[in-house]
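Everything below concerns the one structure shown next.
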Amino acid sequence: MPTPTWSVMPQRRDTKFGLSADNISTWLQGSPHLSHFLNTFSLFLPVGERFFIASMLPYRDRIRDPQLAQAVTAFMHQEALHGREHREWNCLLHATIPGTPEFEKSVGTLLNRVLKRLPPSYSLSATIALEHLTAILADAVLRDERMLAGGDPRFVSLLRWHALEETEHKAVAYDLYREVVGSGLYAYLLRIVSQLIAMFIFWSLALSEYVRILKVSGELGNWKGWCKWIYHFFIQSAFMPKVGLEWLKYFKPGFHPWDHDNRHLLTALEHYTQRAS
Ligand SMILES: [Fe+2]
Ligand SMILES: [Fe+2]
């Protein structure tokens, strides 16, 4: 069985951020188009983090490497805390934007169906697919300060904490997958097919919900807002194009999340470790 290239042991940091409903629609540069794009991502997170944890549970007793077992437990603790903080974020959104509670619930129902009706290896392959997405989004956010510049410090701090911990645990689910499903042809095909399906479903749901939120907010026809969105996410730092290029690396047969060594970013976690203690 292949062993991880090397590991970073995740830690639990119980941190609170005190978000406020006052600026839920404008917390990033006063722009509903920028703020709601990231608010839409938040809607997926509590149910998504629960799914990640549940997809690992059937394999917990089969882990032979004690380091990996420890990392899996830490991963679960981290995702549970991310879920808690994004639940708080989403409550503020639910109180402001009609239809968002129903959307979040429908994503939860879809993920529960996957867990109940498909083999556990399929759920775990969906988890590693989505963990790759969170890891590359996190890396892009942490590398380019312009992404969150001009944002309410409470939302920015929460997102940076989440991005840092996503980086810290980016290989845990993948290493578990390699230990319990393997790294042969079947494991490779399963992970790439899952990646394609997961991205198709995620982006279809995310973009349609984003547009719906802008519509109910009366911002759909605000072309200045759309120009700002395109400039911010596609032009200014080529954020989305860079994320797209990183995403493609997943299809390399010998891919491992730590092929991209960005451990140096983790020094910023010190701030949150001190805050939590
Ligand atoms: Fe997370
Ligand atoms: Fe994660």
Side-chain angles (χ1 to χ4, degrees), residues 4 7-17 19 38-57 59-60 63 68-90 93 104 107-108 111 114-115 123-142 147-148 155-178 191 194-195 198-199 202 206 243 246-247 249-250 255-260 262-263 265-266 268-269 272-273 275-276:
S7 331
V8 173
M9 189 56 68
Q11 281 179 49
R12 186 178 185 274
R13 298 173 191 84
D14 190 349
T15 335
K16 301 288 287 173
F17 298 91
L19 306 182
L38 299 181
N39 288 342
T40 306
F41 283 178
S42 181
L43 286 173
F44 287 86
L45 293 171
V47 288
E49 317 274 22
R50 238 185 354 250
F51 174 84
F52 298 160
I53 295 169
S55 73
M56 290 169 136
L57 285 174
Y59 295 109
R60 231 179 155 186
I63 304 172
L68 179 58
Q70 191 187 338
V72 165
T73 302
F75 174 100
M76 290 176 174
H77 283 145
Q78 286 192 336
E79 296 293 35
L81 288 173
H82 300 166
R84 183 190 74 188
E85 291 309 302
H86 280 277
R87 217 169 294 125
E88 201 172 298
W89 178 323
N90 295 351
L93 196 62
E104 190 177 349
V107 176
L111 293 173
V114 172
L115 285 169
S123 297
L124 190 59
S125 66
T127 292
I128 62 169
L130 292 162
E131 279 287 290
H132 178 58
L133 178 68
T134 55
I136 58 181
L137 286 171
D139 184 67
V141 163
L142 294 170
M147 288 316 302
L148 298 175
F155 287 89
V156 171
S157 185
L158 192 160
L159 284 175
R160 286 185 61 78
W161 162 76
H162 195 168
L164 286 162
E165 291 199 343
E166 286 303 319
T167 304
E168 193 178 39
H169 75 219
K170 69 177 177 175
V172 175
Y174 193 88
D175 288 339
L176 176 63
Y177 181 84
R178 288 206 310 187
R191 80 172 171 83
S194 300
Q195 178 65 260
M199 285 310 98
F202 172 75
V243 165
E246 286 300 313
W247 178 74
K249 293 183 180 167
Y250 191 80
F255 165 82
H256 187 274
W258 283 119
D259 290 346
H260 174 51
N262 56 353
R263 275 176 294 178
L265 297 171
L266 298 178
L269 273 168
Y272 295 99
T273 307
R275 218 177 126 163

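By convention here, the first residue in the shown sequence is residue 1. When a ligand or atom number is given, it counts from 1 through the structure's own listing order. Note that this is a predicted model, so its numbers are computed, not measured.
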Provide the tally of protein N/O/S atoms nearer than 2.8 Å to the Fe ion (ligand 1).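 Atoms of protein N, O or S type lying less than 2.8 Å from the Fe ion (ligand 1) total 6.
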
How are the rings of H162 and H82 set to each other: parallel, tilted or perpendicular (split at 30° and 60°)?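 Rings of H162 and H82: tilted, 30 to 60°.
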
So, the side chain of Y174 versus the backbone of F255: is there a donor-acceptor pair under 3.5 Å, distance only?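 Yes, because the side chain of Y174 sits within donor-acceptor range (under 3.5 Å) of the backbone of F255.
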
For the Fe ion (ligand 2), find the closest N/O/S atom on E131 and give its atom name.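 Minimum-distance N/O/S atom of E131 relative to the Fe ion (ligand 2) is OE2.
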
F17 ring center near W89 ring center (under 6.0 Å):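 No: the rings miss the under 6.0 Å criterion.
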
Give the table of side-chain donor-acceptor pairs shorter than 3.5 Å for residues 126-139, with sequence neighbours excluded, one pair per line with atom names and distance.
from: T127; atom 1: OG1; to: S55; atom 2: OG; distance (Å): 2.6
from: T127; atom 1: OG1; to: S123; atom 2: O; distance (Å): 3.2
from: E131; atom 1: OE1; to: H169; atom 2: NE2; distance (Å): 3.1
from: H132; atom 1: NE2; to: E246; atom 2: O; distance (Å): 3.4
from: H132; atom 1: NE2; to: W247; atom 2: O; distance (Å): 3.4
from: T134; atom 1: OG1; to: L130; atom 2: O; distance (Å): 3.4
from: T134; atom 1: OG1; to: E131; atom 2: O; distance (Å): 3.0
from: T134; atom 1: OG1; to: E166; atom 2: OE1; distance (Å): 3.1
from: D139; atom 1: OD1; to: R143; atom 2: NE; distance (Å): 3.0
from: D139; atom 1: OD1; to: H260; atom 2: NE2; distance (Å): 3.3
from: D139; atom 1: OD1; to: N262; atom 2: ND2; distance (Å): 2.7
from: D139; atom 1: OD2; to: R143; atom 2: NE; distance (Å): 2.9
from: D139; atom 1: OD2; to: H260; atom 2: NE2; distance (Å): 3.2

Do H77 and D14 meet the criterion of a side-chain donor-acceptor pair at a distance under 3.5 Å?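 Side chains of H77 and D14: no pair found under 3.5 Å.
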
Could you report the tightest heavy-atom contact between T40 and A206, atom names first, then the distance?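 Looking at all heavy atoms of both residues, the closest pair is CG2-O, 3.4 Å.
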
